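A single structure is presented below for examination.
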Amino acid sequence: MSRPTAFTRLTGIDHPVVLGPFGGLSSVDLTASVSAGGGLGSYGLYGYDGDRIRATAAALRARTTKPFALNLWLPVPGEVEPEPTAADFARYLAPLRPYFAELDLPLPERPERYLPDLDEQIAATLEVRPAVLSVVYGVPSPALMAAAHGAGTVVLGTATTVDEAHALQDAGVDAIVASGAEAGGHRVSFLRPPEESLVGLFALLPQVVDAVDVPVVAAGGIADARGVRAAVALGADAVQVGTAFLATDQSAASSAHRSMLRGPDAAHTVLTRALSGRLARGLPNRVTAEITDPAPFPVQNWLTGRFRPTAADRGNAELLSLWAGQSATLAAEADAAALLRSLVAALD
Ligand SMILES: Cc1cc2nc3c(=O)[nH]c(=O)nc-3n(C[C@H](O)[C@H](O)[C@H](O)COP(=O)(O)O)c2cc1C
């Protein structure tokens with residue numbers, strides 16, 4: 001049985017183990033399973049509108065009465081909101097046309113918008129009163145902090161550098177995820193370009209712990225008991241695990257993605273902008289090799305999102321985003337509850 005930490009007291013969970021949110025790939029099954037097991041299941045709301053957020057929270061509550069976290073992406077300061085013209089759109093689509101042809105899909109029309117309205121997402125998220133709201137890509141506004149605390153929701157920010165941890169603490173977040181460069185998925189840096197913010201967790205974690213007074217959650221490359229113990233030794237109040245849970249039977253990752261995570265090439269992750277326009281860590285495939293000049297985010301993510309689900313249905317791993325962290329080969333458990341138990345056992 002793990003001992004309480006500042007993070008477990010803050011969030012009301014039994015064990016300081018967090019399932020990382022997976023924007024686009026979270027599943028109610030996996031999130032509920034981790035929360036029901038006494039950890040903190042997180043669910044990524046990237047791309048969800050208000051109705052879908054309310055439905056997701058209801059589905060989670062139908063499965064568990066325990067606390068869970070919902071996760072939102074904040075707009076990156078200084079990132080130009082791209083409003084591509086018809087000509088821009090055609091230019092961005094051009095390098096992707098062969099993939100639509102290969103999958104027998106029609107070319108997409110230019111959409112009215114690429115992402116749901118952030119205010120709508122925030123309102124719906126706070127309306128359902130999750131125990132925890134975790135955010136990436138920035139610092140929550142004073143209004144968001146006040147509204148979250150008014151709803152009884154704990155706010156978790158995400159830092160990839162010590163400077164970002166300071167900024168998050170100054171904004172009043174209740175706890176900070178220190179996300180090392182080993183982590184799977186997007187590099188959520190917001191003060192400097194992500195390419196200049198690639199600090200490994202062994203270096204980042206103790207520096208963030210020294211820099212802030214709030215509890216720190218270690219993320220990036222933690223996939224088994226050894227990683228949990230190392231993170232605790234470096235001062236973590238909790239661990240956040242992504243890739244090892246993504247590989248379990250309860251995850252929403254396609255079978256093509258999951259078999260790549262379990263395959264011989266799982267060790268060879270790359271950082272790429274090819275799939276979404278923003279830097280992210282995953283396994284290489286044809287898209288990461290061939291797309292050298294992607295459209296800006298969120299246009300590229302929307303465009304590839306028109307063919308990725310079909311590629312997943314057809315088991316075509318070459319045309320998917322294969323997000324994975326550097327410890328993917330350590331992801332040994334097939335069952336999420338068993339993985340959670342093995343991570344918690346390291347805290348005895
Ligand atoms: C497929 C995938 C999607 C992710 N999406 C999000 C997201 O939407 N929001 C977020 O805060 N973190 C996201 N992450 C990061 C994870 O929540 C977690 O912090 C990270 O996976 C931990 O590193 P690890 O993969 O080495 O365990 C994602 C990771 C993966 C693998």
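All ligand and atom numbering here is 1-based and tracks the order in the structure. Sequential numbering from 1 along the given sequence is applied to the chain's residues. On a predicted model such as this, the values are computed, not experimentally measured, just so you know.
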NZ/NE/NH1/NH2 to OD/OE distance under 4.0 Å, Glu102 and Arg286:
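Between Arg286 and Glu102 there is a salt bridge, with a charged N closer than 4.0 Å to a carboxylate O.
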Passing candidate, side-chain hydrogen bond (donor to acceptor under 3.5 Å, both in side chains) with Ser179, options Glu164, Gln240, Arg187:
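Result: among Glu164, Gln240, Arg187, Arg187 is the only option passing the side-chain hydrogen bond (donor to acceptor under 3.5 Å, both in side chains) with Ser179.
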Please list the nearest protein heavy atom to atom 27 (O) of ligand 1 with its residue and the distance rounded to 0.1 Å.
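Looking at atom 27 (O) of ligand 1, the protein heavy atom closest to it is Gly242 N, 2.8 Å.
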Would you check whether Val136 reaches within less than 4.0 Å of ligand 1, judged by its heavy atoms?
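Val136: in contact with ligand 1 (<4.0 Å).
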From the candidates Gly221, Ala324, Gly325, the one that places a heavy atom nearest atom 26 (O) of ligand 1
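Considering heavy atoms of Gly221, Ala324, Gly325, the nearest to atom 26 (O) of ligand 1 sits in Gly221.
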Which residue and atom name correspond to the protein heavy atom nearest atom 30 (C) of ligand 1, and how close is it?
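Looking at atom 30 (C) of ligand 1, the protein heavy atom closest to it is Phe22 CD2, 3.5 Å.
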Can Trp73 be said to touch ligand 1, with heavy atoms closer than 4.0 Å?
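Contact present.
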For Ser276 versus Asn301, what's the shortest heavy-atom pair and its separation?
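For Ser276 and Asn301, the tightest heavy-atom pair comes out as CB-OD1, 3.3 Å.
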Please determine whether any non-hydrogen atom of Gly44 lies less than 4.0 Å from an atom of ligand 1.
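No heavy atom of Gly44 comes that close to ligand 1.
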Ring centres under 6.0 Å, that's the criterion: do His257 and Trp323 meet it?
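No, they do not, as the ring centres are separated by 6.0 Å or more.
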Tell me: protein heavy atom nearest atom 25 (O) of ligand 1, and distance?
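It is Thr243 OG1, 2.5 Å.
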4.5 Å side-chain heavy-atom contact, Val128 and Leu70
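The answer is yes, as the side chains (C-beta and beyond) meet within the 4.5 Å cut-off.
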Could you report the tightest heavy-atom contact between Asp174 and Pro215, atom names first, then the distance?
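Closest approach of Asp174 to Pro215, heavy atoms only: O-CD, 3.3 Å.
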Could Asp49 and Arg52 be called an ion pair, given the rule that one side-chain N must be under 4.0 Å from one carboxylate O?
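Salt bridge between Asp49 and Arg52, a charged N being under 4.0 Å from a carboxylate O: no.
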Heavy-atom contacts with Gly220 under 4.0 Å: which atoms of ligand 1 show up? List them by number with element.
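Under 4.0 Å from Gly220, ligand 1 has these atoms: 22 (C), 23 (O), 26 (O).
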What's the shortest distance from atom 18 (C) of ligand 1 to any protein heavy atom, and which residue and atom give it?
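Among all protein heavy atoms, the one nearest atom 18 (C) of ligand 1 is Gln240 NE2, 3.7 Å.
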Residue Asn71 vicinity, atoms of ligand 1 by number, heavy atom under 4.0 Å
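Close to Asn71: 7 (C), 8 (O), 9 (N), 10 (C), 11 (O).
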With a cut-off of under 6.0 Å to the ring centre and 45° to the axis, is Arg63 in cation-pi contact with Phe68?
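The answer is no; the distance or angle limit is not met.
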Ser251 side chain to Leu246 main-chain N or O, any donor-acceptor pair under 3.5 Å?
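Flag set: sc Ser251 to bb Leu246 pair under 3.5 Å.
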Whether Ser179 lies under 4.0 Å from ligand 1, heavy atom:
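So Ser179 does not count as touching ligand 1.
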Counting heavy atoms only, which of Pro21, Gly20, Gly23 is nearest atom 28 (C) of ligand 1?
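It is Pro21 whose heavy atom sits nearest to atom 28 (C) of ligand 1.
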Proximal candidate to atom 31 (C) of ligand 1 [heavy atom criterion; set Gly227, Ala247, Gly184, Gly180]
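Nearest option to atom 31 (C) of ligand 1, by heavy atoms: Gly184.
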